[in-house]
Amino acid sequence: MEQNRGSWGSNLGFLLAAIGSAVGLGNIWGFPYKMGKSGGFTFLLIYLLLAVFVGFIIMMGELSLGRKTGKGTVGAYHTMSKKFKWIGWLAVFSPFVIMSFYSVLGGYCIEYMSLNLSNLAFAGAEIKTGSDLFGAMLTNPFGCVMFTLLFLLICYLINRGGVSGGIEKFNKVGMPALFVMLVIIIIRSLTLPGAMEGLKFMFVPGYAVKAGFIAEAPKFATVLATAGGQMFFSLSLAMGAMITYGSYLSKQEDLVKNSAIIVVADTIVATMAGIAVIPAAVANGIQNGIPLNEIALGGPSLLFVTLQDVFQAMGTVGPLFGVIFYLLVLIAAISSAISLIEVVVTYFMDRAAEKGKEGNRPKVVLLVCLAIMVEAALVAVDGLGSNGIWVPGQASFGIQGWNDCWLDFMDMMSEGIAMPLGALLMSLMVGWEIKPKSLLDEIHQGSNARIDGFFSFCMKFIVPLGMLLILVGQIDTFFSLGIF
Ligand code: PFF
């Protein structure tokens, strides 16, 4: 059965796929802005501490859980635990829900890439501002559904090829390409007049308040919760992705080294993404006399309004940088999306194998993508709340804080609740029920790093505490409860 499941072609292939899963929209529109707003280098330091004591530990835990059981997330939890076996379902639910908006955002990237391509081809034609374009796109539900469909079609074709024949192949080309494009955009961004202000916003502690980007500095507890939430979304943790990818990994590979490389690479790319986008966005804002606190430096508006304006202000070469940039973001989105899809696909493939049948991968991938398309259509038609469709939000239930749009609702359910809850329960299971030693035995196949004491201590105490804090922080943010 082990052989039928397939496996990675090489450790490098696995690493690029895992880094591809980690590097996504979260790195580009979440990390830089949160870092700037929350104290620059101080935030980076807190982020790194959390990444080492919580992220790195869960990463090793998930990879070893997958490799030990040789099963996807539901199978892995069922095999290992009596009390916590249902957590596996949480880790299939979250990726499925995240895909409802991740694929719509991927569709936006394709649309913006094509738009810049046509600007390149028809240079000199009348050009609209970023906010006009974004507004027009959101209020065209049919177009958004079509581009979402196109994004899912690309993912379908990759996942259909299997772990080594599809996912690994894509990332082996996609990740180096992404890196090169990122460097090109960084060079362009840093040579724009006024770019230094953006760099200072990102790195200098307290500069965001001093220069007037934001009114007041967030509290320490808020910074901690923000860094934690960002860290585990960015590392693709608590979503079954790393359990699934680990289940296809050979026993002789070093899980300690691999986990460290994934964490470090993801953080480097997030920082690089910040250096690519923030200075350009700030420089352009300053040149156009926009007050610093009014420049959108995070979320969909950063990508689809602020940066589009940056490219348009660059003259004839602008659309070329636009094409490169949106292609880069698209690759980052695809490489994350295929890992989310694979979590669900592997569950069905394993279930077929348990029944002694050979799962039909193309059919399973097709059905999973179609199911995602149904929920994604809702998010696409909603257009971030632009089209007045019913949303289970503030107006409907009187729940304060989260905007009335389907994307936020889906994000709240997955990133806000299911992910931190899943990670908290996972650490309790490993730390207190099955005991860290059961995973350390697996980790030591392929690695003789002396991490036993550190791993056990973190898994038992630091991770549960950290995850509890993050869970409360996420609920606080999503519902604006004002706890922190
Ligand atoms: N890590 C991705 C990002 O930063 O955008 C998002 C993600 C992908 C989360 C895959 C979880 C996952 F399993």
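All heavy atoms count here, side chains included; hydrogens, waters and symmetry mates do not. Because the structure is a prediction, the values reported are computed rather than measured. First listed ligand is number 1; within each ligand, the first listed atom is number 1.
- Geometrically, ligand 1 and Ser21 share a nitrogen or oxygen pair separated by less than 3.5 Å.
- Counting atoms of ligand 1 from 1 in the listed order, those under 4.0 Å from a heavy atom of Asn27 are 4 (O).
- Every atom of ligand 1 is numbered from 1 in the order shown, and the set under 4.0 Å from a heavy atom of Ala241 is 13 (F).
- The single protein non-hydrogen atom nearest to atom 10 (C) of ligand 1 is Ser236 OG, 3.3 Å, given as residue, atom name and distance.
- Note: an N/O pair closer than 3.5 Å links Ala22 and ligand 1 by distance alone.
- When only modelled atom types and interatomic distance are considered, Thr69 and Thr79 share no side-chain donor-acceptor pair under 3.5 Å.
- In the displayed structure, Phe179 atom CZ is contacted under 6.0 Å by at most 12 heavy atoms of other residues, nucleotides or ligands.
- Heavy atoms only, all atoms of each residue included: Ala376 and Thr148 are closest at CB-CG2, 3.8 Å.
- Shown here is Phe53, whose CZ atom has no more than 12 heavy atoms of other residues, nucleotides or ligands within 6.0 Å.
- The distance criterion of under 3.5 Å between nitrogen or oxygen atoms is met by Leu25 with respect to ligand 1.
- Atom numbering of ligand 1 starts at 1 in the shown order; those under 4.0 Å from a heavy atom of Ser336 are 2 (C), 8 (C).
- Where the criterion is an N or O separation shorter than 3.5 Å, residue side chain and backbone included, Gly26 meets it with respect to ligand 1.
- Among the atoms of Ser234, some N or O lies under 3.5 angstrom from an N or O of ligand 1.
- The number of heavy-atom neighbours closer than 6.0 Å to NZ of Lys169, taken from other residues, nucleotides and ligands shown, is 12 or below.
- Using a 4.0 Å cut-off between charged side-chain N and carboxylate O, Glu342 and Arg361 make a salt bridge.
- Applying the ring-ring contact (aromatic ring centres under 6.0 Å, His included) test between Tyr108 and each of Phe304, Tyr326, Phe147 identifies Phe304 as the sole match.
- For atom 6 (C) of ligand 1, the nearest non-hydrogen atom from the set Trp29, Tyr245, Phe233 comes from Phe233.
- Residue contact check: Tyr102 has heavy atoms under 4.0 Å from atoms 2 (C), 3 (C), 5 (O), 6 (C) of ligand 1.
- If you number the atoms of ligand 1 from 1 as listed, the ones under 4.0 Å from a heavy atom of Ser339 come out as 10 (C).
- A salt bridge is defined here as a Lys NZ or Arg NE, NH1 or NH2 lying under 4.0 Å from an Asp or Glu carboxylate O, and Lys251 with Glu442 meets this definition.
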